[in-house]
Every structure is written in C-alpha cells, then in structure tokens.
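Here the structure comes first, spelled out in structure tokens, and everything after it is commentary.
Scope of the values below: all heavy atoms of this structure, side chains included, with no hydrogens, waters or symmetry mates. Letters go in sequence order (proteins before strands), and every chain restarts at 1.
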Number of protein chains: 2
Amino acid sequence: MATILDVARAAGVSASSVSNFLNDRRGKMAPATRERIETAITELRYRPSRVALQLKTGKTATIGLLVPAVANPFFGAVAMAIQRAAQARGYQVILCNTFRDPKREREFAEDLVALGVRGIITGASLLNPGHLSELASKGLSVVAFEGDAGAAVPGIHVVSVDNAMATTLAVDHLVTLGHRRIAYVTGPAQTAARVARLKGFRTAAERHGLGEDASVHEISLPPNDYGDDMIAELGVGAALALAKAPRRPTALIAMNDLLAIGLAAGLREHGITIPDDIAMVGIDDLFLARLMNPPMTSLRQPLAAMAEAAIACLVGDAGEAAPTTALIFPPELIVRQSTVPAAI
Amino acid sequence: MATILDVARAAGVSASSVSNFLNDRRGKMAPATRERIETAITELRYRPSRVALQLKTGKTATIGLLVPAVANPFFGAVAMAIQRAAQARGYQVILCNTFRDPKREREFAEDLVALGVRGIITGASLLNPGHLSELASKGLSVVAFEGDAGAAVPGIHVVSVDNAMATTLAVDHLVTLGHRRIAYVTGPAQTAARVARLKGFRTAAERHGLGEDASVHEISLPPNDYGDDMIAELGVGAALALAKAPRRPTALIAMNDLLAIGLAAGLREHGITIPDDIAMVGIDDLFLARLMNPPMTSLRQPLAAMAEAAIACLVGDAGEAAPTTALIFPPELIVRQSTVPAAI
DNA sequence: CCGCTTTAGTGCAACGATATACCGGAGGTT
DNA sequence: AACCTCCGGTATATCGTTGCACTAAAGCGG
C-alpha cells in the first residue's frame with residue numbers, strides 16, 4: 001500500500017503538502033502543485049491509512065454495535081439499519097454478539113474502547129447497565145437502542161421506539177375488536193424494552209377495566225448463549241399452557257414477533273387456529289410477519305429513522321457535552337389477518 | 001485512557017519494560033518489577049491501544065465481513081457464526097451490507113484495506129469477483145463464504161457448503177418419495193452459489209431421467225438495494241405461476257429457505273396445501289424452517305464449522321503464501337413434514 | 001532599494017505502541 | 001586483575017498521518 005510519502009515523492013512535494021491537499025486546507029496551494037498531487041494519488045491508488053489517522057487525531061470513523069445475537073431477525077434488521085446510517089456518514093460498524101451476558105457486554109465495550117471507537121450502540125439495554133454507564137462517565141458515547149425515557153441512566157442516550165405505547169396500541173386494537181380476555185406473553189424482565197412493554201400492557205388493561213381477564217404469561221429463557229432462535233422455540237412450548245388454560249384468552253399479544261412465530265407454530269400443533277380460535281398481535285413487524293400463516297398484525301418500529309438518530313447522536317459535535325437525551329419514536333400498528341373481531 | 005507511558009511512570013520503569021511485560025518477552029524481568037508493572041496496569045485499568053499497535057506492527061485483529069444484507073436471516077446466521085469464530089481468536093468483525101452491488105462491494109473492500117483488516121470474508125461471492133481478485137493479488141486475504149471449488153479465482157479462498165450436493169440431495173430425497181414432476185425455483189444466476197445449486201439440480205434430474213418433468217423457474221429480483229426480504233416477497237408472487245402451471249409439479253425445491261417461505265405463503269393464498277398438494281424442500285435450514293406451517297424439509301449448512309474454517313484460513317500463518325484453497329462442506333438433509341410420498 | 005506582507009510550501013514533533021541495539025553492573029574464569 | 005558473559009533494563013527509531021511553526025521567494029508601497 002502506498003503511503004503519503006510515496007505520493008509526496010511522486011508529486012515532488014513534501015508530505016505536509018499532500019496532507020494539506022487531502023484536508024483541503026484552503027489558501028495554500030498553487031493549481032499546478034494541486035494537479036501533480038492529484039495525479040500522483042490516483043496513479044498510486046493511494047488511500048490514507050485510517051489507522052495512522054486514528055492514532056494521530058484520536059478520532060475514529062468506527063462505531064461499535066452490541067446486539068444479543070444478529071441471527072435474531074430483529075437484530076439483523078437493526079444491524080442493517082445501523083450500518084446503513086453509519087455508512088451514510090462514512091462510519092464503519094463493528095459487530096458484537098453479547099448473548100445478553102453482562103460480562104461479555106462489558107468485555108466487548110472495553111475492547112471497543114481500546115479500538116478507539118467513536119461510540120457504542122447497544123441493541124438491547126440490560127436492566128443494570130452499570131458496566132456501560134461507567135465507561136460512559138469516562139467520556140465514551142453510548143446510545144441504548146431500546147429502552148424508555150424514564151429508565152435513563154447517566155451518560156447513556158436513549159433512542160427507542162415507545163415500547164409502552166406498542167403494547168398499549170395492541171390492547172386498544174384488540175379491545176376495539178371486542179376482545180376482553182387478552183393474554184400477554186413475555187420473556188423474563190431482562191431488558192428495558194421488555195419491562196416497558198409489560199408496563200404498557202398492564203396500564204392499558206387497567207384503563208379498559210379488563211381486570212382478571214387480562215393475564216400475563218412469563219416464559220423463562222435459558223440464561224444466555226442461545227442464538228435467540230430459542231425465543232421462538234420456547235414460544236412453541238409456551239403455547240401448550242395457553243391452549244390448556246381454563247378460560248382460554250381470545251387474544252394474544254406477544255413480546256415480539258419472534259416469540260409470536262413460535263407461539264403460532266405451537267398453537268397450530270395443538271389444533272388452535274389463528275385468528276378464529278385466538279387472535280394474535282406481535283411487536284416489531286419483522287418482514288416475516290406478513291409472510292406468516294395467517295399474516296400477522298404487528299407494531300412496526302421505524303428502524304431507519306431510529307438508526308439515523310442514533311448515529312447522529314454519536315457523531316454529532318454535541319458529543320460528551322450533551323446531557324443525556326431520550327428520543328422516543330412512536331410505533332405504527334399494521335393490521336393484518338391475525339386479528340379479527342371477537343366471537344360473541 | 002491510560003497509555004503505556006502512564007503505566008511505566010506508575011511502576012517506575014521505562015515504557016520498554018512495560019512492553020516487554022505485555023508481550024511476555026521471557027528471561028528479562030525481575031519478579032519485583034514484574035509485580036510493580038502488574039499492579040500499575042490493573043490500577044490504571046490500562047489496555048494497550050489497538051490503534052497504535054496496528055500502526056506499529058501492521059497486523060490487525062480485525063476482519064471485514066461483506067454480506068448482501070444482514071436483515072436476511074441467513075446472513076444474520078452467517079454473521080453471527082463468523083463473529084463468534086473470530087472472537088474465539090481475539091478478532092473483531094466489521095460488518096458491511098453490499099446489497100449485491102459490485103461497486104459497493106469494491107468500495108467497502110478498499111475502505112477495509114485502508115482500515116488495515118487482516119482479511120475479508122465475502123458472504124455471497126458475485127460471479128465476477130474481479131474487484132476482489134485484484135485486491136487479493138496485492139496481498140489481501142479473501143475468503144468467499146459460498147461458491148464452488150471449480151469457480152476458484154486466483155487469490156480467493158473458498159469455504160462453502162457443497163451447493164451442488166444440496167440440490168442433488170433434495171432431488172434424490174423427492175425421487176425416493178416417488179416424485180417426478182419437480183420444479184426448481186431460483187433467482188437470477190447472480191452468485192456462485194446459485195449457479196452451483198442450479199447445476200446440481202440439473203445433473204440430478206438428468207441422472208434420474210426426469211426429462212421434461214424437471215423444470216426450472218427463474219424469478220427476477222430487483223437489481224439491488226432491497227433488504228433481501230424481497231426474496232421472500234417475490235416468492236409470494238412466483239407462487240401464482242407455479243399454481244397455474246398446466247402440469248403442476250408435485251414437488252418444489254427452492255433456491256433457499258427465504259424464497260421457500262415466500263413460496264409457501266403464496267401457495268397458501270392460492271389454496272394449494274403443503275405437503276398434500278405439493279411437497280417442498282428448502283436450502284440453508286434457517287431456524288425458521290422448523291417453525292413453518294408445516295415444518296419444512298431443508299438442507300442444513302454447518303455454519304459454525306464453516307465459519308471456524310474461514311477464520312482459520314485468514315488468521316493462519318499460511319497467509320499469502322498459501323495457494324488458493326477450497327474447503328467444501330457437505331450439507332445435511334433435515335426431513336420434516338413438508339415432504340411426503342407423492343400421491344399415486 | 002529597503003522593509004513589510006502575502007504566498008507556497010517545508011520541517012518537525014507528536015499520537016501510542018514495538019523492537020533493536022545498547023549499557024551498566026554482578027559474577028565467574030583464567 | 002583483566003576479560004567475558006549474563007542479567008535486567010533503557011534509549012531510540014519507527015509505523016503513517018497531522019498541524020503548527022517556520023521560511024524562502026515574490027509582491028508592493030514609499
């Protein structure tokens with residue numbers, strides 16, 4: 001690889017001049033020299049070494065992305081949105097799978113700092129983000145890509161869909177269709193998003209006066225190291241309990257689409273038909289939602305806009321000086337065939 | 001962030017000694033000094049700057065991963081497998097979505113080189129990898145994560161499932177079940193894998209003497225910039241043509257599971273039932289295959305082993321000296337309920 | 001023709017690590 | 001006592017870039 005010195009030699013100037021050219025430092029360049037440098041660069045196919053640049057300036061054009069597992073289609077979509085938004089600003093993305101393990105998360109974060117990343121985006125903010133908070137207080141920019149304005153932690157910016165609103169809209173939608181016996185199926189309260197979604201369900205159910213008709217089914221997930229396909233897998237198992245419930249709910253809201261896919265598969269195995277026997281609403285609106293049998297009603301997250309905001313938050317000059325912010329985006333209800341009016 | 005000099009000062013030694021300690025250069029260290037350095041490091045929470053290290057040694061612990069789109073669950077799984085394998089050897093992964101655009105692919109590759117990556121893994125090798133080949137000839141390590149031993153390009157290592165074998169096994173399986181009117185549904189011959197799969201289908205069909213009974217349906221995909229969910233989406237549309245075909249096939253093989261998911265949804269819309277009306281086999285064995293309705297027979301790729309091999313290939317000392325290699329892994333047929341014996 | 005500003009461009013010290021070459025002193029050999 | 005050999009550790013150049021401080025030459029008013 002050609003260095004700036006090779007270019008300088010080829011153009012018959014000093015490295016400084018090439019550097020000046022590259023960073024177009026104005027006022028200092030005769031047109032002739034400018035041209036000589038230009039041709040030398042193209043002929044040698046010179047590209048400045050990002051590494052040297054990093055070392056010198058201290059600034060990187062790299063951000064770290066922490067997700068539980070990219071094999072989870074939701075985080076696949078998140079990773080793609082983030083990478084595209086980053087690329088639009090000339091940033092590279094380093095991908096890390098944390099498997100929801102705080103220890104791993106912390107280790108990754110430290111590695112990323114050693115790599116000199118500009119900031120870190122964490123796809124699923126664990127409930128006790130002390131490990132990240134500590135790094136944030138040392139000047140690292142951190143954005144939690146899910147969570148909740150209330151749960152803001154010092155130094156950690158939040159860019160998230162309104163999780164409570166998602167479940168609220170789901171309940172509203174089902175109640176409008178005449179459903180009252182509504183069950184919410186969720187995993188353990190491990191992440192801020194899960195907690196907020198559950199809360200949204202509870203308040204909406206109360207507002208509609210559903211009382212005992214509203215139920216919450218928490219399914220347990222293995223501690224970590226599962227590729228998140230387990231979420232769907234466990235949905236399959238959880239379906240049995242729902243199918244056998246004494247007063248079976250007429251509608252189901254799943255913590256997310258992945259779980260919904262599993263639940264749908266499980267219900268099918270037990271001879272329960274969606275939407276005739278039970279209605280179902282998912283959250284996230286994966287592209288898979290509309291390919292399901294039947295296509296599933298879900299709440300869409302505006303991922304592209306959110307990713308854009310997250311990157312802007314890290315890249316923006318505001319940087320460390322900015323106080324902790326929370327940007328909350330509203331979800332959009334996408335109605336499909338999995339929800340029909342309740343049988344009377 | 002503490003630097004090696006801060007540690008040296010804290011321990012009352014020179015930076016060289018700290019460096020010696022870090023790279024355990026043996027023979028040269030009194031136990032007392034060693035301890036002083038050790039405590040200084042832990043107290044200052046010192047971590048060597050990867051950036052400086054890179055600049056000095058020229059070696060990075062970073063690899064680049066080029067995939068069409070991580071939002072595609074298959075590439076999500078690939079990305080996760082690669083990242084895990086990389087992590088096991090202390091490597092970081094930089095993620096790039098190419099949208100199957102050679103221009104973008106080339107640009108990413110050059111950016112990655114400027115970043116000093118140790119090598120590049122490309123998830124879907126386009127048919128004319130001239131752009132990568134050129135970089136490879138300049139000393140960059142490149143591994144194509146799909147392809148075909150025959151299509152080997154100078155300088156590009158291949159680590160792939162045996163794509164031809166995948167379709168061959170699918171045909172064998174269906175023929176064993178008594179099917180003869182078998183259709184293969186594929187996208188345009190854009191990647192090495194697609195070409196190899198098609199070839200495998202054709203040779204297997206010929207070997208079984210299927211003649212006109214074996215048909216190939218190529219569906220066209222938009223040029224790029226689609227998030228790969230379009231593949232499934234287009235499967236939905238393609239299902240119509242298959243449903244209306246004069247002598248409808250009794251079995252379908254899809255280029256991959258994502259397309260199969262779309263086809264399944266489309267067939268359903270046209271009132272065609274799997275497996276009674278038509279049997280279906282996918283390729284890749286996404287975790288979604290077993291959650292489909294009905295669960296789908298598919299050909300599994302040993303992604304973990306393949307990722308391991310790909311990383312070993314890049315990291316191994318062999319490096320540039322090694323001749324172009326091709327490591328081909330056999331796929332495994334996973335039989336589920338989407339394939340049943342043909343109606344007589 | 002002298003001094004002053006402007007223009008065009010160079011020199012050099014960093015950034016944080018590594019590694020080669022070196023060096024002072026303790027101990028052993030002859 | 002002079003010489004050699006280890007041992008423990010340090011000084012220094014270097015990786016590719018940046019940006020400040022500097023300078024040589026040209027322009028210009030008086």
Euclidean distance, [Y] [atom2] relative to [X] [atom1], rounded to 0.5 Å:
X: A:Ile63; Y: A:Gln83; atom1: CD1; atom2: CD; result: 9.0 Å
X: A:Asn20; Y: A:Thr33; atom1: CG; atom2: OG1; result: 11.0 Å
X: B:Leu135; Y: B:Arg106; atom1: CG; atom2: CZ; result: 6.0 Å
X: A:Arg25; Y: A:Ser19; atom1: CZ; atom2: OG; result: 4.5 Å

Are [X] and [N] close enough that a side-chain N or O sits under 4.0 Å from OP1 or OP2?
X: B:Asn23; N: C:dT18; result: yes
X: B:Ser19; N: C:dT18; result: yes
X: B:Ser14; N: D:dT10; result: yes
X: A:Thr33; N: C:dG9; result: yes

Base, sugar-phosphate alone, or nothing: which one does [X] contact when heavy atoms must sit under 4.0 Å apart?
X: B:Val13; value: sugar-phosphate
X: A:Thr3; value: sugar-phosphate
X: B:Ser17; value: base
X: B:Tyr46; value: sugar-phosphate

Practice problem: May I ask you to verify whether the side chain of B:Lys56 and the base of C:dA19 hold a donor-acceptor pair under 3.5 Å? | Solution: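 Per atom types, no contact qualifies.
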
Exercise. Check if the side chain of B:Ser16 and the base of D:dG9 share a donor-acceptor pair of N or O atoms closer than 3.5 Å.
Key: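 Flag unset: no donor-acceptor pair detected.
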
Which nucleotide, [options], lies nearest any side-chain atom of [X]?
X: B:Pro48; options: C:dT10, C:dA17, D:dT18; result: C:dA17
X: A:Ala30; options: C:dG9, C:dG16, D:dT18; result: C:dG9
X: A:Thr57; options: C:dT18, D:dT18, D:dT10; result: D:dT18

Quiz item: Is there a salt bridge (charged side-chain N to carboxylate O under 4.0 Å, His left out) between B:Asp111 and A:Arg47 once you walk through the steps?
Solution: CA-CA 8 Å; B:Asp111 281 352; A:Arg47 308 204 71 181; 3.1 Å; yes

Self-check item: Whole-Å gap separating C1' (D:dT14) and CG (B:Leu55)
Solution: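 Distance check: B:Leu55 CG to D:dT14 C1' gives 9 Å.
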
Quiz item: Rounded to whole angstroms, how far apart are CG on A:Leu5 and P on D:dC15?
Solution: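 Those two atoms, CG and P, are 9 Å apart.
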
